[in-house]
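Beneath this line is the structure, given in structure tokens, with notes to follow.
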Amino acid sequence: MSSKRFVALVVVVVAFGCEKPTARLETGTGAVTILPGTPPIDLRADVNRNGKLELDVPGEDENEETWDAAHGAIFLANIDDDDGRCRSTDSGGRPLPDATLPNCNDATDEVVNGDDDVADLAQLAIKAWPEAPAGTVARLLINEAAADKVRLFRHAGDAYQVIDPALPLALAELTAGLSIALEGKDIVRDAAVWDGFVDVTLQVVVPEQKYWKAGTYSDTVRLRVAPVLTFHHLLPTETAYASAVSRDPDSAAFIAELRAAVTSASPNMRLVTPAVDDQWTQDFFETGYASVPGPDGAQHVMRVFFRSANIENPFSRNYPMREAGRVVFTSFRGKNVAGVQQIDLTSSEETQSLNSFGNFETIPPHTQGTKQWPLGRVIRGSVRGFAPDQSFVSMTEAQRYQEPSVNIDTSWLLVGHVDETVSFLKASTPRGWILLVNDARLAKTMLEAEVMRGNGAARLFVGKSWVDEMGNEPPAETTISRLLANTAVMQASAEAAVKVDEQLAIIKRETGITDAEIVRVPFLHEDVQGTSLAHQPGTVNLFVIDDKTLAVPDPHGPVINGKDLFRAQLEDALTPYGYTIRWIDDWNLYHRMAGEVHCGTNAMRAIPSTKWWEVTP
Amino acid sequence: MKTLAWVTVLVSQVALANGALDVKLSGPALTALQREIAAAKKTTPGAFAAVAQVRAQMATLDAKKRGRFAPVTPRLNSIANATWALADALAFDGKLDEALPRSAHIAWQSGLLEALGDRREPRSEALLVAALQLELAPEVLRSAADGLGRLGTDGAAAALIASATERRGASRDAVLAGMGTCRRASVSAFLATQLSRSTTEKEQLALVKALSVIGNEWALETPAGAPVKAEVPQLRAIAAGALVKLFSEASGNVRQQASDAILIVNAPETKVLLAQVRVKDPAAVDALIAKTR
């Protein structure tokens with residue numbers, strides 16, 4: 001209720017002494033003239049964000065029609081599948097088309113599907129007005145922009161019934177009060193269409209009678225849908241993912257190595273291995289969450305999986321999208337877990353790689369100038385003329401709390417993902433994290449130094465090959481001197497050094513990170529079709545198991561004095577931060593296919609203690 | 001004899017039609033190429049088998065690719081003694097299944113062109129020049145220019161300049177973008193001239209890329225980086241001059257790419273060149289000078 005109406009209500013309460021106005025008048029002395037009062041209409045929501053709806057707590061009612069970091073009601077988009085009713089095939093057993101696969105969740109029916117579903121609804125109430133006179137007409141209205149984004153239920157006993165905004169409420173629902181549940185039907189997709197706010201208005205038309213001022217009265221509560229937020233590397237991994245590619249021994253070997261690394265670091269951590277013929281586990285889904293205030297200061301959480309906006313079969317009417325991304329709906333969607341898909345099927349073929357989620361990372365929390373990003377901030381490769389699917393970008397921008405994104409130039413890379421050159425690690429520093437960044441210049445310097453020391457003949461990539469199943473495989477093995485003499489490698493590496501500097505300059509400008517907080521990760525690039533690709537295993541492309549353990553691609557570098565030159569460099573650089581490196585041989589499955597360990601993994605992480613609604617975006 | 005000659009021509013044309021590209025070769029160039037390939041098949045049969053293996057894997061490589069294209073060039077580069085096996089696949093026996101996606105064809109054709117060029121075998125010049133004369137997807141045409149450029153011969157330089165001069169639009173941009181691997185002074189001068197006349201952003205970006213490659217400091221330090229070492233100071237100075245001029249005149253993305261290219265070239269005269277244009281934008285020039293090493 002607004003402050004103005006609250007003042008009016010005080011007048012009424014004083015005039016009638018908190019008794020029924022009719023009784024007071026009947027026993028009046030005749031010496032006092034009582035003017036008709038303003039009706040005490042009161043619509044409530046969890047404005048004070050303590051996880052419960054309180055009808056008698058003033059704080060629940062103050063400034064309820066506004067919303068900021070200090071107050072304001074919140075609701076979830078109820079897009080999970082709590083009772084597991086959603087199917088991924090039609091009645092004939094055929095996979096549902098990409099366009100319809102996402103069209104099932106708890107909000108796509110008008111039924112409240114059990115207690116788990118109730119927990120995902122926002123509770124509102126009309127406070128009882130026992131003296132509401134006959135002839136009073138009340139309606140619940142929703143602002144036009146949000147009208148198709150939410151659904152209201154009247155709640156009585158265990159029953160939930162959809163409220164039709166076109167129909168008036170029963171008078172009894174005013175006199176006795178009404179318990180209401182609000183269900184969000186979707187997240188914000190495009191802020192230009194809907195900004196995520198919903199204004200629910202109780203409108204009451206009071207007829208002419210003796211006791212109340214006739215007229216139209218209203219009480220409005222503003223609510224905001226919870227944004228979907230992504231995880232940064234400072235948050236503990238709860239579940240790790242790596243695709244299990246059928247009939248691929250390299251995939252099995254990679255999973256075995258990863259499982260050993262994960263288990264040794266965190267015995268309770270789950271490793272989920274989706275059975276898909278797509279080894280790029282990082283790319284076809286992204287993990288996130290949405291949360292609302294729960295009881296006792298907790299967050300009530302819905303996990304969210306984004307399906308990547310990749311077009312894989314542009315000429316397929318039913319299945320144009322990247323097939324592996326269907327796991328978001330076929331495997332992950334369920335109780336307290338939602339799937340989200342957003343794609344522009346007309347986006348260009350040339351930029352499809354940018355829609356993979358190796359190009360959608362989250363910088364850990366930081367402050368720059370007067371701006372703060374306590375929940376982290378999206379970083380992606382995107383420049384004019386080489387940018388990801390705009391409809392997906394608009395959706396993530398509309399979440400607001402990790403935006404505006406930091407956009408760096410990845411157009412010079414064959415793959416074009418941010419995870420090819422940068423990563424972020426938790427650190428016991430004032431900032432709380434460090435930046436790992438590829439440095440081809442350092443790699444060249446290290447190798448040249450070994451040549452000066454007489455180690456030019458030391459071999460790299462020993463036992464590795466570029467082509468599989470050859471019988472007589474062309475070996476990848478080379479020497480330091482031959483590598484430094486490789487024109488295509490040195491050409492691409494010189495370019496990479498400058499281009500990464502440019503990326504770094506942007507990250508420094510946007511986050512304020514300093515050189516002292518940056519760990520240089522040396523590896524050389526090579527030229528492929530006029531673009532750049534890590535020639536040595538790109539060790540920056542790593543998987544953060546926890547704040548002590550990293551799974552890093554084995555660099556297969558030259559062994560000098562019994563030590564791999566590049567392993568030793570990275571171990572020396574990260575040991576001061578308390579990290580142990582588990583070296584993973586990803587050469588066959590990932591490196592020679594233009595990816596590394598990070599590309600082949602994914603993670604669902606712990607929900608941050610920072611509550612998004614207490615942040616000013 | 002006349003009949004036999006026609007049969008030879010017909011056989012040659014049929015054979016050419018099965019190459020990864022429909023290159024048009026005839027006469028002594030065709031005969032010489034066939035002779036080299038026939039000889040290589042006897043001495044290095046493993047290389048042919050290895051190239052064929054990569055070709056057989058293209059469907060899988062394309063399906064599993066992470067980025068825009070499967071990285072085929074490194075695979076082909078790793079095959080020893082494969083010059084004529086690569087040429088054979090390009091011209092005679094390397095056609096991919098038409099049903100494969102466009103991206104697979106582009107990766108395969110580009111990989112062959114770049115890997116063949118990387119062998120720096122002058123006797124492959126006729127084939128690479130013939131490839132450059134085809135109407136190809138821009139990505140493949142860029143690789144054709146790139147591959148031919150790596151030979152660094154007078155003929156390669158002349159063919160590249162002619163192709164870039166004759167072509168228009170996207171195909172011209174593709175040739176321009178790829179020809180920077182031809183580290184010859186004549187090519188550098190040509191690119192600089194084109195940049196001074198260029199008015200479209202796409203063409204400017206292609207030229208900036210080419211100039212950053214032709215004058216690439218680290219590439220020029222490698223033994224095969226420049227076919228004529230005496231030309232290196234000149235071609236690098238030309239590239240640096242053209243890029244600094246563009247940097248001083250352009251804005252936005254073009255200026256940013258020019259800035260990066262100046263640093264990649266890192267010519268000895270860069271600071272002097274920048275000082276000459278400092279008056280136009282002292283802050284930007286000073287910032288760039290601070291980045292030069």
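The analysis underlying the following values was restricted to heavy atoms, covering all of them including side chains, and did not include hydrogens, waters or symmetry mates. Reminder, nothing fancy here: chain letters follow the sequence lines and each chain counts from 1.
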Residue part contacting chain B, namely of A/Ser481, when any heavy atom lies under 4.5 Å
neither
Taking 4.0 angstrom as the limit, do A/Asp501 and B/Lys291 come out as a salt bridge?
no
Test A/Ser532 against every option in A/Lys499, A/Gln491, A/His525 by the side-chain hydrogen bond (donor to acceptor under 3.5 Å, both in side chains) rule and name the one that passes.
A/His525
Heavy-atom distances under 4.5 Å only: say whether A/Leu354 touches chain B with side chain, backbone, both or neither.
neither
Tell me if the aromatic rings of A/Tyr590 and A/Phe254 count as close, with their centers under 6.0 Å from one another.
yes
Side chain, backbone, both or neither: which part of A/Thr351 has a heavy atom under 4.5 Å from chain B?
neither
Does any heavy atom of chain B fall under 4.5 Å from the side chain of A/Gln529, the backbone, both, or neither of them?
both
What part of A/Ala505 gets within 4.5 angstrom of chain B, counting heavy atoms only: side chain, backbone, both, or neither?
neither
Identify which part of A/Asn355 has an atom lying under 4.5 Å from any heavy atom of chain B, answering side chain, backbone, both or neither.
neither
Parallel under 30°, tilted from 30 to 60°, perpendicular over 60°: which one fits the rings of A/Tyr241 and A/Phe285?
perpendicular
With a 4.5 angstrom heavy-atom cut-off, which part of A/His417 approaches chain B: side chain, backbone, both or neither?
side chain
Applying a strict 4.5 Å limit to non-hydrogen atoms, the region of A/Arg441 in contact with chain B is both
Using only heavy-atom distances, determine whether the side chains of B/Arg255 and B/Ser251 contain a donor-acceptor pair under 3.5 Å.
no
Heavy-atom distance under 4.5 Å to chain B: side chain of A/Glu477, backbone, both or neither?
neither
